[in-house]
Student: 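Just dropping this structure here.
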Amino acid sequence: MKRRAVKKANLETLCKDSQTRFSASAGTIKKHWRHKMKSRIKPRSKPRALRLATLLSPVLALAAGQAFAEPAKRPNILLIVADDLGYTDLGAYGAEISTPNLDKLARTGAKMTSFYASPFCSPTRAMLMSGSDNHLVGFGDMAELISPEQRGKPGYEGNLNERVVPMAQVLKDAGYRTAMAGKWHLGVAEQFSPASRGFENSYAMVMGGASHWGDQSGIVALDPDKPPKAIYRENGKAIDIPKDGFYSSQAFTDKLLEYIKSGEGSGKPFFGYLAFTAPHWPLHAPDADIAKYEGRYKEGYDKLRKERLERMKKLGLIAANTPVYEGHPNWPKWDSLTREQQESEARRMTVYSAMVENMDRQIGRVLDHLKASGELDNTFVFFMSDNGADGNSVYDVARTREWIHKDMDNSTANIGKPGSFIEYGPGWAQVGMTPFKLYKSFMYEGGISVPAIAWGPGINGGTLKREFAHVMDVAPTIYELAGATHPGTQYQGREVLPLRGKSMLPYLQGKAKTVRGKDDAVGWELGGRKALRKGDWKIVYANKPWGTGEWELYNIARDRSESRDLATKNPAKLNELVAAWKQYVAETGTLEIENLANRP
């Protein structure tokens, strides 16, 4: 869900609930994995020297630092998405949070430092499932926020439209068994559910967010006397989740494991999509996980930012002289908060960290099962977050604030427990996006730069990948790995969208230096905020007071924190990128609506 960006620094202490709020408006590999063979011819025996080389190749590969050999059969695909996870919220990216399973994947796989998503949940997921731009596939804006000017226009349907052949369908057609568990957010009705878009098995929370407990509470209230209910669907049909013993991250993992195990005798590889709702607010976590972080965050935002920054430098993620964006002046500083407010803020971060650690533990359960079943070494794993950390607020959407004050206990001691509804807030969100500018909902680096890890067969393991890549690139990468072919522009008698993304596989294998050429342009737009990247350069637009209200120009290779606007100093480069922006608008059908970014 979109929340309003944080407004003027009106730090509001809610006396009734002691809550502090910041109100805020592989072409070569493919040949080995063909599952339909015209003939089966017994190969001749290899010469002795070749047989010896074949036997020694795994040893030589390990000695050379290559984590994986190319598999002899098509790999399983495990796609994992975290919800609102910040760039520095994993140990491998500088966090103090315990994430050993993801850290190991990052250490032995390819850790990507310049991977980009949309600044919001559903547009990212739409591009992930389609391999195309959100304005083409139904999410030119969030379904919940479609304006009158957008409603009814192509690309603004609010569901993954019929011009898309989704990833699950392409892989299913290629002989994969397909399953997902977790957040869908690509259409609420059954005809738009995972079951209708290629997933043979699915257990989905189909909305933008929900309680992580079994109360099945939604997140936006139209009437404070009618608590919102989140919609879950299993294989397309609406269900009620168990009231007792349910915690989202564990429940989604349980289901995906159930689906994976159920097809293990089929002889088919699997595509598993595990889409956590963690650590999206409301912040909820089991007591045992929360206890590990008690007292850890009492010194506030600035202290944690400095700690993470130093770890990032040691990990080689950023240069020693990288400028750091420390927050918008509208936000209150830690020292300006009362003791009660600081305690509430520290508790938020405590619960958030517990959510992230719990999510990592669930990922570990899946990896452990695959190892025990002998399938891990033939599984390609891709992990990412869907956007930057979230510093916005849903409180003033509809009558949500009234409902929360009426039904929820947000006292500091109850934060994270059932019956609480607490958001992350801008202070911690900006720490999570260190050293970048701003967070979710913005086109600055803090809104669209996300952690991403690729691991598995053929991947150049133990590497740090610094070149630009985009969420649209995931689908073509997976297709190349799987030996699957996207249908192009026609599918079952209807016109469909071709892939717009590029396969990252040659880059991830160390066979190519980049994913795109220096003249390729990639654009973003959502809610009137916009950006375009071409080579090392980026233009970005944000409404005041967050931006200048005009196009800004940055050299991202030299200034990824976007601290030096070069628009007036380099008008030729600005004009070049603006021209590329106009071409992007024409190609994608993006609607540019005046003052859209200023809507309440």
Side-chain angles (χ1 to χ4, degrees), residues 3-25 84-89 94-97 212 278-285 287 289-309 324-357 388-396 401 404-405 408-417 419-434 438-440 446:
R3 274 78 53 201
R4 304 176 184 184
V6 183
K7 295 182 179 178
K8 190 77 175 172
N10 56 341
L11 182 63
E12 175 187 359
T13 304
L14 302 178
C15 299
K16 292 182 180 180
D17 55 15
S18 300
Q19 177 195 11
T20 305
R21 278 308 322 134
F22 299 103
S23 181
S25 283
D84 291 359
L85 182 78
Y87 189 86
T88 67
D89 284 336
E96 72 295 336
I97 304 172
H212 296 274
H280 191 297
W281 47 264
L283 304 182
H284 292 145
D287 288 339
D289 292 317
I290 294 174
K292 182 172 180 178
Y293 294 93
E294 288 287 2
R296 179 64 179 82
Y297 301 108
K298 61 183 180 182
E299 295 183 78
Y301 318 130
D302 296 331
K303 177 74 159 47
L304 186 61
R305 180 184 297 109
K306 290 176 181 177
E307 290 178 2
R308 291 194 176 185
L309 190 65
V324 179
Y325 184 76
E326 297 187 356
H328 196 277
N330 279 7
W331 305 340
K333 297 295 184 182
W334 184 261
D335 290 344
S336 73
L337 305 182
T338 66
R339 180 177 177 180
E340 180 186 49
Q341 291 165 349
Q342 288 180 349
E343 289 175 352
S344 176
E345 285 294 295
R347 176 73 177 185
R348 293 167 195 266
M349 188 64 205
T350 297
V351 177
Y352 181 92
S353 296
M355 296 176 75
V356 175
E357 177 171 341
D390 191 3
N392 304 284
S393 177
V394 76
Y395 267 49
D396 293 317
R401 182 181 293 272
I404 291 172
H405 287 184
M408 300 296 173
D409 174 8
N410 285 338
S411 60
T412 299
N414 201 55
I415 291 175
K417 298 177 182 295
S420 67
F421 192 111
I422 292 290
E423 298 167 319
Y424 196 31
W428 294 123
Q430 191 58 72
V431 172
M433 296 313 299
T434 300
L438 291 171
Y439 43 65
K440 178 178 177 175

Student: Can you check whether Glu423 reaches Ser393 side chain to side chain, under 4.5 Å on heavy atoms?
Tutor: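 Yes - at least one pair of side-chain heavy atoms lies under 4.5 Å apart.
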Student: Just to verify, what does Asp289 make a side-chain hydrogen bond (donor to acceptor under 3.5 Å, both in side chains) with, not counting sequence neighbours?
Tutor: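 By the side-chain hydrogen bond (donor to acceptor under 3.5 Å, both in side chains) rule, Asp289 matches Asn358, Arg361.
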Student: Which distance, rounded to the nearest 0.5 Å, do you find between the OG1 of Thr350 and the CH2 of Trp428?
Tutor: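 These two atoms lie 8.0 Å from each other.
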Student: Quick check for you: to the nearest 0.5 Å, what is the distance between Phe421 atom CZ and His405 atom NE2?
Tutor: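 Spacing of CZ (Phe421) from NE2 (His405) equals 11.0 Å.
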Student: Using the side-chain hydrogen bond (donor to acceptor under 3.5 Å, both in side chains) definition, which of the options Glu326, Lys333, Glu345 pairs with Tyr301?
Tutor: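 The single option meeting the side-chain hydrogen bond (donor to acceptor under 3.5 Å, both in side chains) with Tyr301 is Glu345.
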Student: Apply side-chain contact (heavy atoms from CB on, under 4.5 Å) to Lys306 and list each qualifying residue two or more places apart in sequence or on a separate chain.
Tutor: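 Partners of Lys306 by the side-chain contact (heavy atoms from CB on, under 4.5 Å) criterion come out as none, since no residue qualifies.
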Student: Treating Asp390 as the side-chain partner and Tyr439 as the backbone partner, does any N or O pair qualify as donor plus acceptor under 3.5 Å?
Tutor: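 No; judged by distance alone, with no hydrogens or angles, the pair does not exist.
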Student: Apply side-chain hydrogen bond (donor to acceptor under 3.5 Å, both in side chains) to Asp335 and list each qualifying residue two or more places apart in sequence or on a separate chain.
Tutor: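 Residues passing side-chain hydrogen bond (donor to acceptor under 3.5 Å, both in side chains) with Asp335: none at all.
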Student: Can you tell if the side chain of Met355 reaches within under 4.5 Å of the side chain of His212, non-hydrogen atoms only?
Tutor: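 They are in side-chain contact.
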Student: Please find out if less than 6.0 Å separates the ring center of Trp281 from that of Tyr395.
Tutor: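 Between Tyr395 and Trp281, which both carry aromatic rings, the centre distance is not below 6.0 Å.
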Student: Quick one: pull up CD in Glu307 and CG in Asp302 and give me the separation to the nearest 0.5 Å.
Tutor: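 The CG atom of Asp302 is 11.5 Å from CD of Glu307, to the nearest 0.5 Å.
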Student: Which residues pass the side-chain hydrogen bond (donor to acceptor under 3.5 Å, both in side chains) test with Lys298, sequence neighbours left out?
Tutor: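 Lys298 satisfies side-chain hydrogen bond (donor to acceptor under 3.5 Å, both in side chains) with no other residue.
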Student: Out of curiosity, Trp331 CH2 to Gln430 CD, how far, rounded to the nearest 0.5 Å?
Tutor: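 Spacing of CH2 (Trp331) from CD (Gln430) equals 4.0 Å.
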Student: Report yes if the side chains of Tyr293 and Val351 come closer than 4.5 Å at any heavy-atom pair, otherwise no.
Tutor: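 A side-chain contact under 4.5 Å is absent here.
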Student: Could you pull out all residues at least two apart from Glu96 that satisfy side-chain contact (heavy atoms from CB on, under 4.5 Å)?
Tutor: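 Testing Glu96 for side-chain contact (heavy atoms from CB on, under 4.5 Å), a comparison that skips the adjacent residues, returns Arg296, Tyr297, Leu304, Arg308, Arg311, Met349, Ser353.
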Student: Between Ile422 and Pro282, is there a side-chain heavy-atom distance shorter than 4.5 Å?
Tutor: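 Side chain of Pro282 against side chain of Ile422, heavy atoms only: no contact under 4.5 Å found.
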Student: With side chains defined as the heavy atoms from C-beta onward, is the minimum distance between Asp409 and Lys417 less than 4.5 Å?
Tutor: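 They are not in contact (no side-chain heavy atoms under 4.5 Å apart), so the answer is no.
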Student: Atom OH of Tyr352 and atom NE2 of His284: how far apart are they, to the nearest 0.5 Å?
Tutor: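 That separation rounds to 15.5 Å.
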Student: Check for a donor-acceptor pair, side chain of Arg347 on one end and backbone N or O of Ile415 on the other, with a separation under 3.5 Å.
Tutor: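 Yes, because the side chain of Arg347 sits within donor-acceptor range (under 3.5 Å) of the backbone of Ile415.
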Student: State, with a plain yes or no, whether a side-chain heavy atom of Ile404 is found less than 4.5 Å away from one of Arg401.
Tutor: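 Side chain of Ile404 against side chain of Arg401, heavy atoms only: no contact under 4.5 Å found.
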Student: Decide yes or no for Thr434 and Tyr325: does some side-chain heavy atom of the first lie under 4.5 Å from some side-chain heavy atom of the second?
Tutor: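 SC-SC contact between Thr434 and Tyr325 ruled out.
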Student: Between atom CD of Glu340 and atom OG of Ser411, what is the distance when rounded to the nearest 0.5 Å?
Tutor: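 OG of Ser411 is found 10.0 Å from CD of Glu340.
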Student: Are side-chain heavy atoms of Tyr424 and His280 found at a separation under 4.5 Å?
Tutor: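 Not in contact.
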Student: Check for a donor-acceptor pair, side chain of Ser336 on one end and backbone N or O of Pro332 on the other, with a separation under 3.5 Å.
Tutor: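 No, Ser336 side chain to Pro332 backbone: no donor-acceptor pair under 3.5 Å.
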Student: Between Glu343 and Thr412, do the side chains contain an N or O donor and an N or O acceptor separated by less than 3.5 Å?
Tutor: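 Distance-only check fails for Glu343 and Thr412.
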